[in-house]
Amino acid sequence: MTAPRLEIDLGKIHHNARTLVGQLAGRDISITGVTKAALGSPEIAGAMLRAGVSALGDSRIENLKAMRLARVPAPMTLIRTPMLSQADQVVAHADLSFNTELDVISKLSSAAQKARRTHGIVLMVELGDLREGIMPGHLENTVRQTLRFPNIVLKGIGTNLACRSGVSPDTRNMAELSALAESIDVIFGPMLDIVSGGNSASLQWALSGADTGRINNLRLGESLLLGCEPLHRQPIEGLYTDAITLIAEVIESKVKPSQPWGKIAQTAFGEKPPATVRGRIAQTILAIGQQDTDPCGLHPPPGIEILGASSDHLIVDSGGCHLPVGSEIAFQLNYSALLRAMTSPFVAKVMKVSAETATRRKAGDHDRRPGRTRRAPRHGRSESDRNPPPAHP
Ligand SMILES: *Cc1c(COP(=O)(O)O)cnc(C)c1O
């Protein structure tokens with residue numbers, strides 16, 4: 001089979017989405033399924049929709065357009081503030097966009113008039129993570145201005161946390177978002193359908209039993225795809241963490257010294273050369289590298305340790321095990337590795353629906369075939385332990 005490839009189990013993604021849709025419905029919170037780490041895949045979007053997500057969100061208009069062209073039947077939200085230069089496309093392919101700049105809303109209004117459509121706006125509020133958002137003190141004025149634009153409908157407000165600075169959603173900042181929604185309703189009359197309380201990092205808060213106030217929507221990507229929450233990157237109980245695996249093929253398998261020899265300068269990516277001193281090792285090279293994924297975000301199966309990576313080579317110590325040329329290794333991925341693999345033209349995407357998801361099983365008692373292991377059991381320290389995955393954008 002072609003390698004490298006992502007094996008994407010739509011059944012497991014469906015299970016993850018269905019589980020969270022059910023849990024959040026109990027708190028009157030809908031889910032916007034975020035497809036940006038899926039490169040707007042219509043198959044993955046379909047699995048999310050069948051599970052009951054109420055809309056789809058993506059940060060790239062190109063992905064929304066691709067899903068529209070594939071006739072994915074869902075309201076489409078652009079979850080990054082639009083570029084002025086893309087206003088026409090945004091109006092054409094998105095029902096709703098997240099906004100923080102009046103200049104952009106003005107341009108969207110002109111584009112919507114030209115296209116004889118209306119375009120929905122969610123105003124994003126800054127609550128401390130210091131990425132996108134209107135400062136809370138400026139929200140009232142921005143709402144007032146937004147309401148004046150023809151062919152623009154103010155649909156809601158939202159916030160995004162835990163991305164740039166790792167600020168956690170908690171009772172204080174979530175209550176602040178609720179209070180802002182209340183005050184807009186008091187001043188301008190009830191008009192906010194959507195109060196969007198954040199991404200997968202808001203799940204813990206939303207399911208904690210805390211008062212959810214006016215918040216009625218979350219935008220979930222990582223939790224649906226990887227079954228994991230982004231604050232501490234812990235598996236979420238009852239979800240599959242192995243819905244997506246990355247398969248790479250062995251192209252060299254030799255016993256070599258663990259230490260390089262000769263005069264040492266910089267490596268291809270400017271990192272330090274390997275520091276491992278462990279005598280001779282079973283050094284195996286896989287045909288995958290920086291062009292295909294984020295090597296720091298790969299979790300190898302037990303007994304295999306990642307030693308380094310360059311553009312096209314991943315070097316591992318396969319321990320006591322000889323991995324013949326042509327054999328395949330399956331890795332688990334973090335968000336960063338997934339995003340890069342999904343967007344790499346060198347990585348094939350293979351969709352499957354596992355039979356085991358037909359019967360509901362608890363995550364944790366499945367899929368333990370060698371090379372297809374879940375994240376938890378690992379021998380030795382891997383690259384990903386030394387380099388904790390960065391907060392994703
Ligand atoms: C990426 C993104 C999300 C989804 O985040 P996850 O942590 O993957 O759930 C939600 N909202 C915005 C604005 C985003 O950019």
Side-chain angles (χ1 to χ4, degrees), residues 13 16-17 19-21 23-24 29-41 44-45 48 51 53-64 76-83 90 94 96-101 121-134 155-169 173-174 177 194-207 215 217-236 239 241 243-244 297 333-340 342-343 389-393:
I13 293 172
N16 288 355
T19 303
L20 292 176
V21 164
Q23 290 175 0
L24 288 172
I29 293 176
S30 69
I31 297 181
T32 297
V34 174
T35 51
K36 70 178 182 230
L39 198 62
S41 151
I44 294 175
M48 291 180 179
V53 307
S54 59
L56 296 172
D58 204 292
S59 47
R60 307 288 172 142
I61 195 65
E62 294 84 351
N63 289 345
L64 294 182
M76 300 285 177
T77 307
L78 183 67
I79 60 173
R80 183 173 71 178
T81 44
M83 290 183 240
V90 172
L96 206 66
S97 59
F98 287 5
N99 282 269
T100 59
E101 293 286 351
I121 299 284
V122 169
L123 292 174
M124 295 297 277
V125 187
E126 175 63 72
L127 291 179
D129 198 52
L130 294 178
R131 206 181 69 178
E132 77 275 31
I134 299 155
K155 286 286 194 185
I157 63 171
T159 195
N160 196 64
L161 295 169
C163 272
R164 180 186 161 200
S165 311
V167 171
S168 302
N173 48 37
M174 290 294 103
L177 186 65
I194 302 167
V195 182
S196 189
N199 53 43
S200 296
S202 295
L203 272 174
Q204 224 169 8
W205 163 82
L207 297 173
I215 291 163
N217 173 263
L218 292 182
R219 312 170 307 268
L220 305 181
E222 180 164 358
S223 49
L224 307 188
L225 300 172
L226 298 178
C228 151
E229 57 81 31
L231 288 177
H232 310 288
R233 296 252 140 62
Q234 293 301 308
I236 299 172
L239 301 194
T241 56
I244 307 179
L333 311 92
N334 74 6
Y335 192 85
S336 167
L338 172 64
L339 193 70
R340 213 189 292 176
M342 264 291 181
T343 48
H392 66 76

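Every number for a ligand or one of its atoms is a count from 1 in the order of the listing.
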- Answer whether the closest heavy-atom distance between the side chains of Val90 and Met83 falls below 4.5 Å. no
Contact region, Arg131 to ligand 1, non-hydrogen atoms below 4.0 Å, reads side chain
If we number the atoms of ligand 1 from 1 as shown, the ones under 4.0 Å from a heavy atom of Asn160 are 11 (N), 12 (C), 13 (C)
Closest non-hydrogen contact found for Arg219 with Ser196 is NH1-OG, 2.8 Å
Logged contact type for Glu132 with ligand 1, heavy-atom cut-off 4.0 Å, is side chain
side-chain contact (heavy atoms from CB on, under 4.5 Å) for Ile194 and Leu96? Distances and angles first, verdict last. CA-CA 11 Å; Ile194 302 167; Leu96 206 66; 3.7 Å; yes
Open item on the list: Please check whether Glu222 reaches ligand 1 - meaning an N/O of the residue sits under 3.5 Å from an N/O of the ligand, judged on distance alone.
Closed with: yes
More than 12 heavy atoms of other residues, nucleotides or ligands under 6.0 Å from CZ of Arg80: yes or no? yes
| When you look at Ile121 and Ser97, which way does the side-chain contact (heavy atoms from CB on, under 4.5 Å) test go after all the steps? | CA-CA 5 Å; Ile121 299 284; Ser97 59; 4.2 Å; yes
The answer for which part of Leu220 has a heavy atom under 4.0 Å from ligand 1 is backbone
Under 4.0 Å between heavy atoms, the region of Lys36 that gets near ligand 1 turns out to be side chain
>> Check this for me - ligand 1, Gly221, N or O atoms closer than 3.5 angstrom, yes or no?
In response: yes
Applying side-chain hydrogen bond (donor to acceptor under 3.5 Å, both in side chains) to Arg340 and not counting sequence neighbours gives Gln290
